[in-house]
Amino acid sequence: MLNQDILKAYNASRQTANKSLLCHAPFVNINFEPNGNMVACCYNRKEVLGKFPKQTIKDAWTSAAAEKLRNNIRNNDLGGGCNTCQELILAGNYKGTKAYHYDEFAHAPSTTDKLKSMLGINNLGMPRILEFELSNTCNLECTMCSGHFSSSIRKNREQLPALENPYTPAFVEQLTEFLPYLTDMKFLGGEPFLIDIYYDIWEKIIEINPRIKVHITTNGTILNNRGKRILEQLNVAIILSIDSLDKETYEGIRVNAKYDRMMENLTFFKNLVREKGTYLTFAVCPIISNWQTMPEMLSVANQEGINLHFNVVWAPEYLSLQYLEKDTLLEVITCFEAALPTKTNTATATNNVAVFKEFIGTLRYWLTEKETQPAPDLEQFKKINLNPQTIAALLTGDNDSKLLSVATICWYAELTDQGKGKNLAQELPFTEKVMTLLNAPDMPTAIGQLRTQTTPIRFIECYMETLKVLDALMGSANDGVLQRRLDLVMPYLHQTSKQDQAAYDLGANGAFLQLRFLKQPSEEAVVEKYESLFG
């Protein structure tokens, strides 16, 4: 649980009149995932309230699981599935949390509400907001994204079968009961303008309650006449996923996107929200390949009166700012702080600067964390002597395990010092195969070539052997922590129905990220993390 000082600081940043709860999401919202899971928000995918079509929307809203989560929130407990918001609150990045953004949907507590609460009477009404992630259908393969959100990535990069979609016309009919009570509905993807069922829902909104504020998060590359017709009839706000205003950087991150087409649609969106008196937001993922362009993003957003929101990227590690070495991370912080304007002239600009400052707070939190991080990281790896004889002596398991270990070590060596990995590969076993892998465009693609040559569980077993080799190479294997944690999670990984996804995620997100998970202080947290990923 968060202590009183942290709670006081968080509450001081909030605009709502109702600060009786750390997070209002379970009391006002349902989020619908592509697999039919109904959860309180997209940050907490662990605590499932119900699953469509096995349970109805109403069943999920009133379920025992939903009430358990609400009780945790009432007790200021952000453990379990809410730990992402807890980390951001600890970092002082309040506007970066999902919890902060549900404050606007909270009712101001009346005297009657307070009395019912004191008497232990359930005062739950209908949800005020619904969030839809009904499909991962998407035309882009963004570098920091995954197949959970993009059908193109799932097919081409992950080489996994398409997700089964449980949402039928019956789901749209169930929604009609809730439409009169809703103030807001949020549509995410995938890409919303490629998801057919969204058009059916939008038509229902127009028919039953056109006052509902509709928030659509789009990559801005798909907009046809049908979409424009719908938008003109909705009370709509637009969240544009855009990671740079530099064409080359933008197209390098948002694979398959055309910058000029997106900018053309951006002009349409700006005119649309101006006419409707709603808003346009830039939703940005600051990562290693675009952080230099963030000051321009802040400047343009302030000039154009566009809201700014930062999505914190934890994985994959080779893109996340969290895994920069300390000196480089400090360089990012210094650059961002220098970009802060000394004064602002609009409420939007003032809010954008606050968002920017809070993201800087997250970077400083990561910088401080590096001083006490229990698991090895890229910065430590860069400093060690990669002696081929030492590495060869540490290789364990059969040839599949050894090849994966050598490939991973050489990839990290190449990542931290160009040419170093290829030179190292010449002096280690499997030279020819490893050199081929090092010519792949990125690490997930290279490791993916090995993943698809064996069964998912076999790849997972080899990957865990690789973690042991890395741990030993970093000089921390003697503490026995990693082996104890592997003993905890391996039985679970053998039993999970998501072995395909688990094998991909382990390889794509990175070995040091997995070591970080496995070697954190709490064994309970380790199990919870793997359950949330692969449960």
Side-chain angles (χ1 to χ4, degrees), residues 15-18 20-21 23-33 36-42 44 47-53 55-71 73-74 98-117 121-134 167-188 192 197-217 230 233-237 239 276-279:
Q15 305 299 314
T16 181
N18 186 351
S20 61
L21 298 166
C23 176
H24 293 281
F27 302 85
V28 298
N29 180 62
I30 305 176
N31 178 281
F32 301 91
E33 296 190 279
N37 283 353
M38 294 176 274
V39 295
C41 84
C42 65
N44 184 350
E47 296 173 273
V48 178
L49 315 183
K51 190 178 182 73
F52 184 87
Q55 284 88 33
T56 66
I57 302 172
K58 192 67 170 289
D59 288 340
W61 180 243
T62 58
S63 68
E67 190 55 29
K68 179 182 177 183
L69 177 58
R70 293 179 187 121
N71 281 331
I73 298 296
R74 291 183 183 109
K98 287 298 292 184
Y100 188 94
H101 296 279
Y102 291 103
D103 279 353
E104 64 178 293
F105 306 108
H107 292 282
S110 65
T111 303
T112 302
D113 292 333
K114 293 176 182 177
L115 181 59
K116 286 182 177 180
S117 179
I121 298 172
N122 190 330
N123 197 35
L124 183 67
M126 293 287 269
R128 303 186 72 190
I129 175 174
L130 298 179
E131 298 174 341
F132 300 93
E133 299 175 288
L134 302 190
Y167 296 104
T168 62
F171 176 79
V172 180
E173 287 305 312
Q174 284 189 26
L175 288 174
T176 60
E177 176 185 1
F178 295 86
L179 292 179
Y181 303 94
L182 294 170
T183 63
D184 295 74
M185 298 174 78
K186 298 188 177 185
F187 294 84
L188 304 99
I197 196 172
Y198 283 175
Y199 289 89
D200 297 334
I201 297 171
W202 293 333
E203 295 282 6
K204 282 288 185 184
I205 294 170
I206 294 167
E207 175 189 343
I208 296 173
N209 187 0
R211 296 186 304 276
I212 294 173
K213 184 179 286 187
V214 175
H215 313 252
I216 300 177
T217 298
I230 287 284
Q233 297 179 79
L234 292 170
N235 180 24
V236 67
I239 301 92
K276 292 182 174 293
T278 55
Y279 70 86

Chemist: Evaluate the criterion side-chain contact (heavy atoms from CB on, under 4.5 Å) for residue pair Trp61 and Thr56; output intermediate values, then yes/no.
Modeler: CA-CA 9 Å; Trp61 180 243; Thr56 66; over 6 Å; no

Chemist: Do Asn235 side-chain atoms and Arg211 backbone N/O form a donor-acceptor pair below 3.5 Å?
Modeler: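 Checking the backbone N and O of Arg211 against the side chain of Asn235, a donor-acceptor pair under 3.5 Å is found.
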
Chemist: Check whether any side-chain heavy atom of Gln55 sits under 4.5 Å from a side-chain heavy atom of Ser63, and report yes or no.
Modeler: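 Gln55 vs Ser63: side chains apart.
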
Chemist: Quick one: does Ile206's side chain get under 4.5 Å of Ile230's, heavy atoms only?
Modeler: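 The answer is yes; the side chains approach within 4.5 Å.
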
Chemist: Dump the intermediate steps for side-chain contact (heavy atoms from CB on, under 4.5 Å) on Glu207 and Leu179, then the final yes or no.
Modeler: CA-CA 10 Å; Glu207 175 189 343; Leu179 292 179; over 6 Å; no

Chemist: Supply the atom-to-atom distance Cys41 SG to His101 NE2, rounded to the nearest 0.5 angstrom.
Modeler: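 Going from the SG atom of Cys41 to the NE2 atom of His101 covers 11.0 Å.
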
Chemist: Output all residues satisfying salt bridge (Lys or Arg N to Asp or Glu O under 4.0 Å) with Glu173, sequence neighbours left out; order by chain, then residue number.
Modeler: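 Per chain and number, Glu173 pairs via salt bridge (Lys or Arg N to Asp or Glu O under 4.0 Å) with Lys204.
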
Chemist: Please identify which of these residues, Phe52, Phe178, Tyr198, meets the ring-ring contact (aromatic ring centres under 6.0 Å, His included) condition with Phe171.
Modeler: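 Going through the options one by one, the only one that passes is Phe52.
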
Chemist: What I'd like to find out is whether the side chain of Trp202 reaches to under 4.5 Å of the side chain of Val236, using heavy atoms alone.
Modeler: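 Trp202 vs Val236: side chains apart.
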
Chemist: What is the distance from atom CE of Met185 to atom CD1 of Ile129, rounded to the nearest 0.5 Å?
Modeler: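 Met185 CE to Ile129 CD1: 9.5 Å, rounded to 0.5 Å.
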
Chemist: Please name the residue in the list Ile30, Ile212, Ile201 that meets the side chain to side chain contact (heavy atoms under 4.5 Å, CB included) test with Leu130.
Modeler: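 For Leu130, the side chain to side chain contact (heavy atoms under 4.5 Å, CB included) check succeeds only for Ile30.
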
Chemist: Is there a side-chain contact between Arg74 and Leu21 (heavy atoms, below 4.5 Å)?
Modeler: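 Result yes, sub-4.5 Å side-chain heavy-atom pair found.
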
Chemist: Given the rule in the side-chain contact (heavy atoms from CB on, under 4.5 Å) test, do Asn44 and Val39 qualify, once you have shown the distances and angles that lead to the verdict?
Modeler: CA-CA 7 Å; Asn44 184 350; Val39 295; 5.9 Å; no

Chemist: Which heavy-atom pair separates Ala40 from Ala25 by the least distance, and what is that distance?
Modeler: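 For Ala40 and Ala25, the tightest heavy-atom pair comes out as O-CB, 3.9 Å.
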
Chemist: Taking all non-hydrogen atoms of both residues into account, name the closest pair between Gln174 and Ile57 and its distance.
Modeler: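 Smallest heavy-atom distance, with atoms named: OE1-N, 3.0 Å.
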
Chemist: Please name the pair of heavy atoms, one in Ile197 and one in Thr168, separated by the smallest distance, quoted to 0.1 Å.
Modeler: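 The answer is CD1-O, 4.0 Å.
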
Chemist: For the residue pair Phe105 and Tyr102, does the interplanar ring angle fall in the parallel (under 30°), tilted (30 to 60°) or perpendicular (over 60°) class?
Modeler: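 Plane angle between 30° and 60°, so tilted.
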
Chemist: To the nearest 0.5 Å, what is the distance between NE2 (His215) and CZ (Phe187)?
Modeler: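 Separation between the atoms: 10.0 Å.
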
Chemist: Does atom OH of Tyr181 have more than 12 heavy-atom neighbours from other groups under 6.0 Å away?
Modeler: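 No.
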
Chemist: Determine whether Asp184 and Glu131 make a side-chain contact, defined as any pair of heavy atoms from C-beta on separated by less than 4.5 Å.
Modeler: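 Not touching, per the 4.5 Å side-chain cut-off.
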
Chemist: If you round to the nearest 0.5 Å, how far is CD of Glu33 from CG of Leu134?
Modeler: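 Those atoms lie 11.0 Å apart.
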
Chemist: Counting distance only, does the side-chain N/O of Asp103 pair as donor-acceptor with the main-chain N or O of Thr16 below 3.5 Å?
Modeler: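 Not confirmed, Asp103 side chain does not pair with Thr16 backbone.
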
Chemist: Could you tell me whether Glu104 and Arg128 make a salt bridge, using a distance below 4.0 angstrom between a side-chain N and a carboxylate O?
Modeler: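 Result for this pair is no, no salt bridge flagged.
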
Chemist: Over all heavy atoms of both residues, which pair between Glu177 and Met126 is shortest? Give the atoms and the distance, please.
Modeler: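 Looking at all heavy atoms of both residues, the closest pair is O-CE, 3.9 Å.
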
Chemist: Measure the shortest side-chain to side-chain distance between Tyr167 and Phe132 over non-hydrogen atoms and say whether it is less than 4.5 angstrom.
Modeler: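 A side-chain contact is absent here, since even the closest heavy-atom pair is not under 4.5 Å.
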
Chemist: Distance from Ile205 atom CD1 to Lys213 atom NZ, nearest 0.5 Å?
Modeler: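 These two atoms lie 14.0 Å from each other.
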
Chemist: Taking all heavy atoms of Arg70 and all of Pro26, pick out the closest pair and write down the distance.
Modeler: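 Looking at all heavy atoms of both residues, the closest pair is NE-O, 2.7 Å.
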
Chemist: Any side-chain heavy atom of Leu188 within less than 4.5 Å of one from Thr217?
Modeler: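 Yes - at least one pair of side-chain heavy atoms lies under 4.5 Å apart.
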
Chemist: If I compare all heavy atoms of Ile73 with all of Cys23, which pair ends up nearest, and what's the gap?
Modeler: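 The answer is CG2-O, 3.2 Å.
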
